[in-house]
Amino acid sequence: MTSPLKSIQSPHELRKLSRSELPALAQELRQYILNSVSSTGGHLSSNLGTVELTVALHYVFNTPDDRLIWDVGHQSYAHKILTGRQDQMAGLRQLGGISGFPKRSESDYDAFGTAHSSTSISAAAGMAYAAQLKHEKRIAVAIIGDSAMTGGMAFEAMNHAGTNRTLPLVVVLNDNDMSISPAVGALNRYLARLISSPFYEATKNGVGNVLSILPPLKEFAKRLETQAKGMLVPANIFEEFGFNYIGPIDGHDLDSLVPTLENIKRMSLEGDGPQFLHVVTKKGKGYPQAEEDPILYHGPGKFDPLVGIKKSAPASKPTFTQVFGQWLCDKAAADERLIGITPAMCEGSGMGNFQRQFPTRYHDVGIAEQHAVTFAGGLACEGLKPVVAIYSTFLQRGYDQLIHDIALQDLPVVFAIDRAGLVGADGATHAGSFDIAYMRCIPNLLVMTPSDENEMRLLLNTAYHSQHPSAVRYPRGSGTGVQITDSLEPVPLGKAVIRRHSSLENAKKIAVLAFGTLLQQCIATSESLDLTLVDMRFVKPLDEELLKELALTHRGFVTIEDGVIAGGAGSAVQEFFNRENIQVNLLQLGLPDAFIDHGDVALLMAQCGLDQSGIEKAIRRHFIA
Ligand SMILES: Cc1ncc(C[n+]2csc(CCOP(=O)(O)OP(=O)(O)O)c2C)c(N)n1
Ligand SMILES: CC(=O)[C@@H](O)[C@H](O)COP(=O)(O)O
Ligand SMILES: [Mg+2]
């Protein structure tokens, strides 16, 4: 039997199929995704849940002329497979392979690069406005998840777009009642009410049933399939924002999806203004283990699909995230003022145990980093001790709040910044490359860079005991396996630690000033080249006394950090020496002024010259050659 999927190298082939052939294609596509992702790792449950929706969207809309913008984009594998990248899925998220998110440089069908949540409606609105202005008959479609809708940007976009009564914009809300964790917030409750309406109950058994619950409103028959609900019940929030709300409909039923989307397309082209389709899907659909546990299967590594993910024995070396989670619980047990906050990254930030042990002091605020930061500020004003656990890349979303609401008011909020440095498979959109540079320029904010997981715990204590806003940044993945203290005591603020003294004569001594875990990559080199090795611990405040002392006896300095060189810790050291009018020969090592794509972290760091041999080569080239 021919494989419909194999014959599809673009949506043009897809659109030649009859509607009755689509369910078989969807089933094959789902199996292909399961087989592919289980062998490469990647985002799974969200992709299994959007198979039919993706087929229907490319079947109905004239892509790539009609634009599809996938919010977050972690659910875009079916889209990638249907748009000519089926054979590239084997290289998903690997060095030189395709991205795990839509990427404009990868395909004409990837209308907008996504990965950070809640941007799709803004981008689609821009494209719709452009089509309107240029009198082009094209529609921009944003596909956004129920949790991504909790990102304020989504409503900023709807507020703006909703006033344009002829805008060719379509928003498809993919409502699976899940974020990575269970969905949270008032919006989630509101959506649940919309779904619990009799209208949806009826449509679950086919659109025809809808007629059975509606009075014989002949004059509306023409539009029943699409907006019956809006005619019969009070306007809902999306209609109040100026969108024509349709649904909710079953997001796995192609016999509902296709005709409804065809009607929406027609209304949009007829100038009926912004349309909002609410579809209900199941995260993990079609793979029982993922349906059962969509959290575990949100972003799995490689696994045997016949068996499912096997709970692995605890690793010999805990991850930085796990060490943070343990510290958080220990600190919370010792201090009832501690409040733990996550913007929708509970598991990823290691807060599962804290949530279970301290439910009243745990806040998952949804995908709302701006709110998370300022909410913490409010708590701090009232004498509580908020700890915001946040990925480096996602803190970028709350940058003004960090400056304006926290640092400017010198509020003692702790920022536990995970995924600092390169993150690997998620690539440039998720790299924590910029946090040292973007934080060290902020007055009052203390910036700490632990060199291992034990140091992280000590610096978290130091941050917690500080009267100022404080950030501790640490990388994704395992620590060094160092013995971890159970201390809850701080270390002296701003004090660096000399890990090794050079035995060379003063005129030949070189000091490596390590900020963070790259210190580990410098140990062997400092031995082989007889260097002084300093664990700087603090980017702000710098250990200025130590720097002055070292400048008296060392002919050269190397700074090293897993953040961008531009404006990073090395620049702080250079600025200090300049301010003190101390002439030094300083080599700054760190990430280049570039976006670093996805791939194995070790390979990427080697490419950046930040592995052991690269570091040694740079030092030799600068000081010894
Ligand atoms: C600004 C931002 N914060 C957090 C994340 C991490 N993140 C990725 S997917 C996801 C949940 C998305 O939920 P939803 O939009 O409902 O899509 P689903 O996974 O349910 O398909 C989160 C929190 C992100 N990508 N961007
Ligand atoms: C799509 C998204 O933003 C998250 O799922 C992210 O990929 C999680 O990253 P970690 O795997 O590092 O927790
Ligand atoms: Mg969801």
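Order of listing sets the numbers, starting from 1, for every ligand and every atom in it.
Remark: the Thr449 side chain and the Glu561 side chain contain no N/O donor-acceptor pair separated by less than 3.5 Å. Looking only at atom types and distance, the side chain of Ser181 has a donor-acceptor partner in the side chain of Glu347 under 3.5 Å away. No side-chain donor-acceptor contact under 3.5 Å links Ser256 and Asp250. Thr393 and His430 share no side-chain donor-acceptor pair at under 3.5 Å. Donor-acceptor pairing under 3.5 Å is recorded for the side chains of Asp175 and His278. Between the side chains of Asp418 and Thr321, a donor-acceptor pair is found at a separation under 3.5 Å. For Asn236 and Glu240, the side-chain atoms include no donor-acceptor pair closer than 3.5 Å. Side-chain atoms of Asn244 and Gln275 include a donor-acceptor pair closer than 3.5 Å.
Distances from atom 2 (C) of ligand 1 to the heavy atoms of Gln370, Glu369, Arg397 put Glu369 nearest. Taking each of Ser118, Ser179, Ala148 in turn, the one with a heavy atom nearest to atom 15 (O) of ligand 1 proves to be Ala148. Of the listed residues (Gly151, Gly398, Ser147), the one carrying the non-hydrogen atom nearest atom 13 (O) of ligand 1 is Ser147.
Of the inter-residue distances, the one linking Ser451 atom OG with Leu519 atom CG reads 5.0 Å to the nearest 0.5 angstrom. The structure places CG of Leu29 at 5.5 Å from CG of Leu5, a figure rounded to the nearest 0.5 Å. If you take CD1 on Ile33 and CD on Gln86, they are separated by 10.5 Å, rounding to the nearest 0.5 Å. Residue His363 holds its NE2 atom at 6.5 Å from CG of Leu379, rounded to the nearest 0.5 Å.
Shortest contact from atom 5 (C) of ligand 1 to any protein heavy atom: Phe394 CZ, 3.3 Å. The nearest protein atom to atom 2 (C) of ligand 2, hydrogens excluded, is given as His430 NE2, 3.5 Å; this is a heavy-atom distance. From the protein, the heavy atom lying nearest to atom 26 (N) of ligand 1 is Ser117 N, 2.9 Å. Residue, atom and distance of the protein heavy atom nearest to atom 10 (P) of ligand 2 are Arg419 NH2, 3.5 Å. At the shortest separation from atom 25 (N) of ligand 1 among protein heavy atoms lies Ala115 O, 2.8 Å. Protein heavy atom nearest atom 4 (C) of ligand 2, with residue, atom name and distance: His43 NE2, 3.8 Å. The single protein non-hydrogen atom nearest to atom 10 (C) of ligand 1 is Ile180 CG1, 3.6 Å, given as residue, atom name and distance.
Taking a cut-off of under 4.0 Å to the non-hydrogen atoms of Val72, the atoms of ligand 1 that pass are 8 (C), 9 (S), 25 (N). Ligand-side atoms of ligand 1 in range of Ala344: 23 (C), range being under 4.0 angstrom from any heavy atom. Counting atoms of ligand 1 from 1 in the listed order, those under 4.0 Å from a heavy atom of His116 are 26 (N). Listed by number with element, the atoms of ligand 1 under 4.0 angstrom from any heavy atom of Asn176 are 18 (P), 20 (O), 21 (O). Proximity to Gly145 (heavy-atom distance under 4.0 Å) selects the following atoms of ligand 1: 14 (P), 15 (O), 16 (O). For ligand 2, the atoms sitting less than 4.0 Å from at least one non-hydrogen atom of Arg476 are 10 (P), 11 (O), 12 (O), numbered in the order shown with element in parentheses. Taking a cut-off of under 4.0 Å to the non-hydrogen atoms of Phe394, the atoms of ligand 2 that pass are 3 (O). Of all the atoms in ligand 2, the ones that sit under 4.0 Å from a non-hydrogen atom of Phe101 are 1 (C). The contact set between ligand 1 and Asp146, taken as ligand atoms under 4.0 Å from a residue heavy atom, comprises 16 (O). Set against the non-hydrogen atoms of Ser46, the atoms of ligand 1 under 4.0 Å away are 19 (O), 21 (O). Within ligand 2, the atoms closer than 4.0 Å to a non-hydrogen atom of Asp426 are 6 (C), 7 (O), 8 (C), 9 (O), numbered from 1 in the order shown. The Met345 neighbourhood of ligand 1 comprises atoms 6 (C), 23 (C), with distances under 4.0 Å to a heavy atom of that residue.
Residue Met149 does not touch ligand 1, judged by heavy-atom distances below 4.0 Å.
The side-chain heavy atoms of Ile596 and Leu604, taken from C-beta on, include a pair separated by under 4.5 Å. With a 4.5 Å cut-off on side-chain heavy atoms, His58 and Tyr109 count as touching. Lys302 places none of its side-chain heavy atoms less than 4.5 Å from the side chain of Thr40.
Among the atoms of Gln75, none of the N or O lies under 3.5 angstrom from an N or O of ligand 1. The N/O atoms of Tyr391, backbone and side chain alike, include one that comes under 3.5 Å of an N/O atom in ligand 2.
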Can Phe354 and Phe358 be said to form a ring pair (Phe, Tyr, Trp, His ring centres under 6.0 Å), step by step? CA-CA 6 Å; Phe354 178 80; Phe358 304 95; 5.3 Å; yes
Tell me, with the steps shown, if His116 and Phe394 meet ring pair (Phe, Tyr, Trp, His ring centres under 6.0 Å). CA-CA 8 Å; His116 281 198; Phe394 299 144; 5.1 Å; yes
Passes side chain to side chain donor-acceptor pair (under 3.5 Å), Ser45 versus His298? Steps please. CA-CA 5 Å; Ser45 47; His298 172 80; 4.6 Å; no
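Distances under 2.8 Å from the Mg ion (ligand 3) pick out the protein N/O/S atoms Asp146 OD1, Asn176 OD1, Met178 O.
The ring-ring contact (aromatic ring centres under 6.0 Å, His included) check on Phe155 picks up Phe241, with sequence neighbours excluded.
Under a 4.0 Å heavy-atom criterion, His298 is in contact with ligand 2.
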